[in-house]
2 protein chains.
Amino acid sequence: MDQVKLFNEYLNQQGLKNTSQRMVILEAFLASDSHLSTEELYLQLRADHPKIGYATVHRTLKLFAECGIAAERNFGDGQTRFEPVHGEEHHDHLICTKCGLIIEFEEPQIEKLQESVAAAHHFTIKNHRLELYGLCAACAADGQ
Amino acid sequence: MDQVKLFNEYLNQQGLKNTSQRMVILEAFLASDSHLSTEELYLQLRADHPKIGYATVHRTLKLFAECGIAAERNFGDGQTRFEPVHGEEHHDHLICTKCGLIIEFEEPQIEKLQESVAAAHHFTIKNHRLELYGLCAACAADGQ
DNA sequence: AAGAAATTGAAAACGATTTTCAGAAACTAG
DNA sequence: CTAGTTTCTGAAAATCGTTTTCAATTTCTT
Ligand SMILES: [Mn+2]
Ligand SMILES: [Mn+2]
Ligand SMILES: [Zn+2]
Ligand SMILES: [Zn+2]
């Protein structure tokens, strides 16, 4: 699915305007490595677009999240991160606390068990977060 | 295990001093409902101990976490919460996004699957967080 | 082309947390 | 017990990521 199209449709629906800044930020966001903070994307953009302000970058990332083309993540380092959402697939994360490497995974059996836990408590799950923190292979191989 | 004893041993080890404030805060913390923010515990203490400052409450909660008698939690409401750690048991949480109810659960099968996911990626898990957000039975029964 | 409405960037405001600092309290040695 | 040393405390200020404000600019509709 075309993220740019989805975003433009969302802007129209909401009576928002399409600006050059928004397009630049969207392209940079989609092209970049995932799990970016506002700060990181802002600094990255700065090279080619020094006029774009931090506030605009942040507002735009939140717009992406609102319209569903970005997911907000929080990996406990005190910064909100954003990653592009491509299809329907949900995924969770392995996070290396030494080098910051992020590995994504899907495990349907875990999702199923989550549902059964919820059912046992008469609870309806709307969303969840599962994050496994530790050391990636490379960092574990290094001195600890 | 006696949390008070553990805390005092930790203070000694670290060359820290045992003060009346620390004891008061520890007792209130252990007696209280779990998953308290600094603010909440501070306000609760205020009734009987109006002289104890916010900074002292917060510093002391972090000390508890350092010495292992408290666990830090973050349920996405922008406040760090602390809960007493009683034994070795680990648990995860169901969180009602409407009324704030927190239900604790343990699911060994999920933990096992987490390990196998990690192993598949040559990753060593140090800790993890699993939070299921949604509606508790009562809130689901209400109008949504 | 003109007007109405939304957007932008810089700076100020926010809110949770952390630090500073001078006076108070706790511990240690004598 | 007392003096000396160290840590602690509470209030206020500082920090840090995030959000809001506001006047100027841009977009988009007539
Ligand atoms: Mn991801
Ligand atoms: Mn808990
Ligand atoms: Zn690593
Ligand atoms: Zn509820």
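Order of the sequence lines sets the chain letters (A, B, ...), proteins ahead of strands, with each chain counted from 1.
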- Starting from P on D:dT18, measure out to CD on A:Glu40 and report it in whole angstrom. 11 Å
- Message: Base, sugar-phosphate or nothing for A:Ser37? Non-hydrogen atoms, less than 4.0 Å.
- Response: nothing
- In sequence, state the C-alpha distance, the side-chain angles, and the governing distance for B:Tyr54 and B:Glu39, and then conclude on side-chain hydrogen bond (donor to acceptor under 3.5 Å, both in side chains). CA-CA 7 Å; B:Tyr54 180 98; B:Glu39 177 81 8; 4.6 Å; no
- Test of ring centre spacing under 6.0 Å for B:Phe29 and B:Phe82: no
- Task: Using whole Å, report how far CD1 of B:Ile52 lies from C1' of D:dC8.
- Result: 12 Å
- Look at the side-chain N and O atoms of B:Thr19 and state whether any lies under 4.0 Å from the OP1 or OP2 oxygen of D:dT9. yes
- Report the residue (B:Asp77 or B:Ser20) whose heavy-atom-nearest nucleotide on DNA chain C is the more 5′ of the two. B:Asp77
- Note on the structure: From CD of A:Gln79 across to P of D:dT15 the rounded distance in Å is 18 Å
- Message: Please determine whether any donor N or O and acceptor N or O are separated by less than 3.5 Å between the side chain of A:Arg22 and the base of D:dT26.
- Response: no
- Item | Nearest-neighbour nucleotide for the A:Arg59 side chain, D:dT21, D:dT9, D:dG17 considered | D:dT21
- By salt bridge (charged side-chain N to carboxylate O under 4.0 Å, His left out) - contacts of A:Arg73 (at least two apart): A:Glu83
- Query: Going by distance alone, is a donor N or O of one side chain under 3.5 Å from an acceptor N or O of the other, for B:Gln44 and B:Tyr42?
  - Reply: no
- Query: Rounded to whole angstrom units, what separation is found between the CG atom of A:Leu11 and the P atom of D:dT27?
  - Reply: 13 Å
- Task: Would you kindly give the OH-to-C1' distance between B:Tyr54 and D:dG10, to the nearest whole Å?
- Result: 14 Å
- Counting only heavy atoms not in A:His91, do more than 12 fall under 6.0 Å of its NE2? yes
- Query: Between the main-chain N or O of A:Asp92 and the side-chain N or O of A:Arg129, is there a donor-acceptor pair closer than 3.5 Å?
  - Reply: no
- Nearest-nucleotide wise, let me know which of B:Asn18 and B:Tyr42 is further upstream toward the 5' end of DNA chain D. B:Asn18
- Query: CG of A:Leu61 versus C1' of D:dT19: gap in Å, rounded?
  - Reply: 14 Å
- Mind calculating the distance between CG (B:Leu45) and P (D:dT9) to the nearest angstrom? 13 Å
- Query: Taking 5' to 3' order, which nucleotide of DNA chain C is first and which is last to have an atom within less than 4.0 Å of a heavy atom in chain A?
  - Reply: C:dA5 to C:dA10
- Message: Does D:dT19 have its OP1 or OP2 closer than 4.0 Å to a side-chain nitrogen or oxygen of A:His58?
- Response: yes
- Message: Using the rule given for side-chain hydrogen bond (donor to acceptor under 3.5 Å, both in side chains), can you reason through A:His35 versus A:Gln79, listing the C-alpha separation, both sets of side-chain angles and the distance that settles it, and then say yes or no?
- Response: CA-CA 10 Å; A:His35 311 113; A:Gln79 298 205 283; over 6 Å; no
- Assign A:Gln21 to base, sugar-phosphate, or nothing according to its heavy-atom contacts below 4.0 angstrom with the strands shown. sugar-phosphate
